[in-house]
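Counting convention: from 1, in listed order, for ligands and their atoms alike. Only this structure's heavy atoms are used, side chains among them; waters, hydrogens and symmetry mates stay out.
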Amino acid sequence: DAGEAIRHIAKLKRKDKERPTACEVSSRGENYMSLWAPWKLLEVHWGLLYRLEENKPDILQLPLKDIGVVQPEDDPELIQRVCGVLDVNSFEVRAPGLPSHAEHLRLRAVYLQAALMAHHCIANTHLAVDDNFIITVHASVHISQGQPIFFNYTSPLQGTSERREHLHEGKYFDCTCSRCRDPTELGTYMSSLKCVKCRGKGLVSPMEALKENSPWECNHCGHYYSALVVHSATARGKDLLEDIDKSTSYTSYRH
Ligand SMILES: [Zn+2]
Ligand SMILES: [Zn+2]
């Protein structure tokens, strides 16, 4: 998949000779140090040993060689560092003009400044990446001078357990933000279930939001549910959602 994506990008770049990308500029030696220095300052995750596919050197080794950064075979630690930086700091972007059969192809891009934004499950920004891979960070609420700028690296529509799992697996940290710590997710009850005991009068939320095995409690009748019961109900609900026939449009429902 990565090979196909790279060939697609190369084709786009050939069509668009007038606008060299940062990599092309650096390969001509004009701007290499100014790009590489901030890249080296980005956070790296060292916990893993990245397994490089030896038969696919075009994914990482060749681009690195191309821009003259290293002779990759001579410097395995640097390759690991590059993988670590990509892993923790990159954003998912879509290549413009991908044919419909290649919709699944996703690219990962590192934006040196945007990568410095900290995560919060209630972000105050959202991102847009245009067809030239230029990223724009929009404020989604008013941000006063001196306030931190946050980006949500997960989906805001996921519940706490899903978000925290995603961040743990993909970004290697356990989020303890105000939304994750609050069993009601700041009054949104995003993860809560309707209580069957009191026939839906109450909502069931975890007693301790950050504890994976915490019992859940109804806020109306006080009935307890084990984490296992809640998680299997949620998983069942998700399966049903996935199986829904989404081809029926809203307008045809109205008739
Ligand atoms: Zn959080
Ligand atoms: Zn209840």
(request) Tell me whether His120 has at least one N, O or S atom under 2.8 Å from the Zn ion (ligand 1). (result) no

(request) May I ask you to check if any N/O/S atom from Cys175 comes under 2.8 Å of the Zn ion (ligand 1)? (result) yes

(message) How about CG on Asn213, more than 12 heavy atoms from neighbouring residues, nucleotides or ligands closer than 6.0 Å, or not?
(response) no

(request) Indicate the ring-plane relationship of His126 and His138, choosing parallel, tilted or perpendicular according to the 30° and 60° boundaries. (result) parallel

(request) Please work out which of the three classes, parallel, tilted or perpendicular, describes the rings of Phe91 and Tyr153, given edges at 30° and 60°. (result) parallel

(message) Assigning hydrophobic clusters by single linkage (Ile, Leu, Val, Met, Phe, Trp, Tyr; side-chain heavy-atom cutoff under 4.5 Å), is Val137 placed with Phe151?
(response) yes

(request) Please determine if the Zn ion (ligand 2) has an N/O/S atom from His223 lying under 2.8 Å away. (result) no

(request) Report yes or no: does Cys221 have an N/O/S atom closer than 2.8 Å to the Zn ion (ligand 2)? (result) yes

(request) To 10°, measure the SG(Cys177)-the Zn ion (ligand 1)-SG(Cys180) angle for me. (result) 110°

(message) For the metal site, I want the angle between atom SG of Cys218 and atom SG of Cys195 with the Zn ion (ligand 2) at the apex, to 10°.
(response) 110°

(request) Using a strict cut-off of less than 4.0 Å between a Lys/Arg side-chain nitrogen and an Asp/Glu carboxylate oxygen, indicate whether Arg181 and Glu208 qualify as a salt bridge. (result) no

